[in-house]
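Labels below follow one simple rule: chain letters A, B, ... track the order of the sequence lines, proteins then strands, and each chain is numbered from 1.
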Protein chains: 2
Amino acid sequence: MARRTGSHSDITGPRIRAAALKLFARHGFAAVSMRQIAAEVGLQAGALYLYTPDKQTLLFDLLRTHMEELIAAYTAASTPEEPQAALDHFVRFHMGRNLDHAEGVFLSYMELRNLDAENFARIEALRRGYEDRLAHILAAGQAAGHFRLADVRLATMAIIAMINGVNTWFREGGRLSRTAVGDIYVDMVRKAVAS
Amino acid sequence: MARRTGSHSDITGPRIRAAALKLFARHGFAAVSMRQIAAEVGLQAGALYLYTPDKQTLLFDLLRTHMEELIAAYTAASTPEEPQAALDHFVRFHMGRNLDHAEGVFLSYMELRNLDAENFARIEALRRGYEDRLAHILAAGQAAGHFRLADVRLATMAIIAMINGVNTWFREGGRLSRTAVGDIYVDMVRKAVAS
DNA sequence: GTCTATAGAAAGATAGAC
DNA sequence: GTCTATCTTTCTATAGAC
């Protein structure tokens with residue numbers, strides 16, 4: 001398909017979103033100007049408005065994409081049937097995914113307040129859908145007598161929060177490897193839900 | 001002590017900090033203007049500069065006060081000697097304190113990036129000092145054979161993150177009371193560190 | 001101690017040339 | 001598809017009156 005010079009619609013969009021993700025995560029949504037995002041991509045500020053109607057929609061698209069790709073990746077990595085194996089798998093998947101998409105994770109927790117009510121509800125629905133995957137594993141293990149949980153929803157939130165916390169301190173090349181941390185967290189989670 | 005009309009130095013300072021805490025937590029540091037803070041207190045923007053040299057110092061003072069009062073409160077609530085009792089006590093204290101100071105907790109995790117390097121280091125040192133209280137409990141319990149931990153530092157971070165997560169979903173008057181949630185978390189933590 | 005007024009910089013978004 | 005130029009608003013911080 002022939003294209004005239006200066007026409008980069010299909011590549012510029014992703015580059016804008018990548019720049020915005022990086023800058024929003026690093027400095028915060030409100031602290032980053034459209035001019036900064038444009039400069040990061042090598043554009044003038046006005047050109048951004050060919051790709052997003054406004055700044056908030058740009059943020060919403062980042063959060064929506066982050067959640068959708070998380071769910072798609074979890075779905076693609078088939079979960080074992082057996083509850084204990086499924087739980088171990090969830091812990092390792094969630095930790096690895098979080099570390100590989102740290103900027104998106106940070107944004108999706110910190111910048112929800114910059115969405116309007118409708119967009120906020122959409123992102124929350126996606127997050128809840130993901131959390132339900134873990135809740136179902138726990139409920140199945142509880143029903144089968146493998147786990148002993150006072151409350152499935154609280155255990156779900158506790159496990160996710162615990163793993164999310166890894167992003168605040170883990171550094172590649174630090175004292176413990178990613179695999180070693182994963183092993184230790186799997187062990188702690190196993191014990192926490194054990195019957 | 002005689003005081004002329006319009007002189008409220010001793011009361012205005014705390015009111016400014018309270019307003020800034022509320023607004024920063026709700027909308028984010030960068031999204032809140034000095035005018036908004038002043039309006040919340042019933043002042044003009046210029047008057048704020050009698051109480052803080054600039055906006056960032058106002059944020060730093062909030063974070064420092066939050067951490068110092070957290071540590072002071074934990075110190076004042078005497079910790080049991082026995083490791084398991086001390087751990088239970090820490091879980092309940094940390095959860096309750098977080099819920100009572102949700103805005104400060106949120107700020108102290110979300111707005112660190114708005115501090116310069118020196119101020120950031122000071123806040124991190126305070127946080128580390130607090131985390132060490134839990135680490136010492138875990139290490140003592142490990143040494144006494146009450147706990148089995150693959151790594152004391154990881155267990156410390158995991159427990160704190162797990163409890164911090166409560167702030168994102170707990171609502172007073174919801175399905176479970178604060179005490180009920182505390183009981184369940186104490187149970188999960190006990191099991192996670194059990195030998 | 002607080003106000004009004006303002007300096008000076010920067011923001012989001014749009015119009016129109018190329 | 002992108003740029004230049006600009007409108008309009010808002011920001012932090014300061015100066016000086018009261």
Salt-bridge contact D100(A)-R178(A) (side-chain N to carboxylate O under 4.0 Å): yes
H94(B) side chain to Y185(B) side chain, donor-acceptor N/O pair below 3.5 angstrom: no
Ionic contact status for D88(B) with R92(B), cut-off 4.0 Å: no
Presence of salt bridge, R127(A) and D132(A), under 4.0 angstrom: no
Between P of dA11(C) and CD of Q36(A), the distance in whole Å: 6 Å
Distance in angstrom units between M34(B) CE and dT14(D) C1', rounded: 12 Å
Nearest to side-chain heavy atoms of L50(B), which nucleotide of dT14(D), dG1(D), dT2(C): dT2(C)
NZ/NE/NH1/NH2 to OD/OE distance under 4.0 Å, R64(B) and E68(B): yes
Salt bridge E40(A)-K22(A), side-chain N to carboxylate O under 4.0 Å: yes
Presence of S33(B) side-chain N/O under 4.0 Å of dT10(D) phosphate oxygens OP1/OP2: no
Nucleic acid contacts - residues 53-62 of chain A versus DNA chain C, non-hydrogen atoms under 4.0 Å: D54(A), K55(A)
Phosphate OP1/OP2 of dG1(D): any Y51(A) side-chain N/O under 4.0 Å: no
Donor + acceptor pair across side chains of Y49(A), D54(A) (<3.5 Å): no
Presence of Y49(B) side-chain N/O under 4.0 Å of dA15(D) phosphate oxygens OP1/OP2: no
Using a cutoff of under 3.5 Å, can you pull out all pairs of nitrogen or oxygen atoms linking the protein to nucleotides 3-7 of chain D, with atom names and distances?
residue: dC3(D); atom: OP2; partner: Q44(A); partner atom: N; Å: 2.7

Spacing of I37(A) atom CD1 relative to dG12(C) atom P, expressed in whole Å: 8 Å
Residues in side chain to side chain contact (heavy atoms under 4.5 Å, CB included) contact with N119(A), at least two apart in sequence or another chain: Q56(A), F60(A), L115(A), D116(A), R122(A)
Residue T12(A), side-chain heavy atoms: nucleotide from dT14(D), dT2(D), dG1(C) that is nearest: dT2(D)
Mutual orientation of the aromatic rings belonging to Y130(A) and F93(A) [parallel < 30°, tilted 30-60°, perpendicular > 60°]: tilted
Touch class at under 4.0 angstrom, heavy-atom based, for V32(B) against every strand present: sugar-phosphate
Length of the CG-C1' vector between L48(B) and dT4(C), whole Å: 15 Å
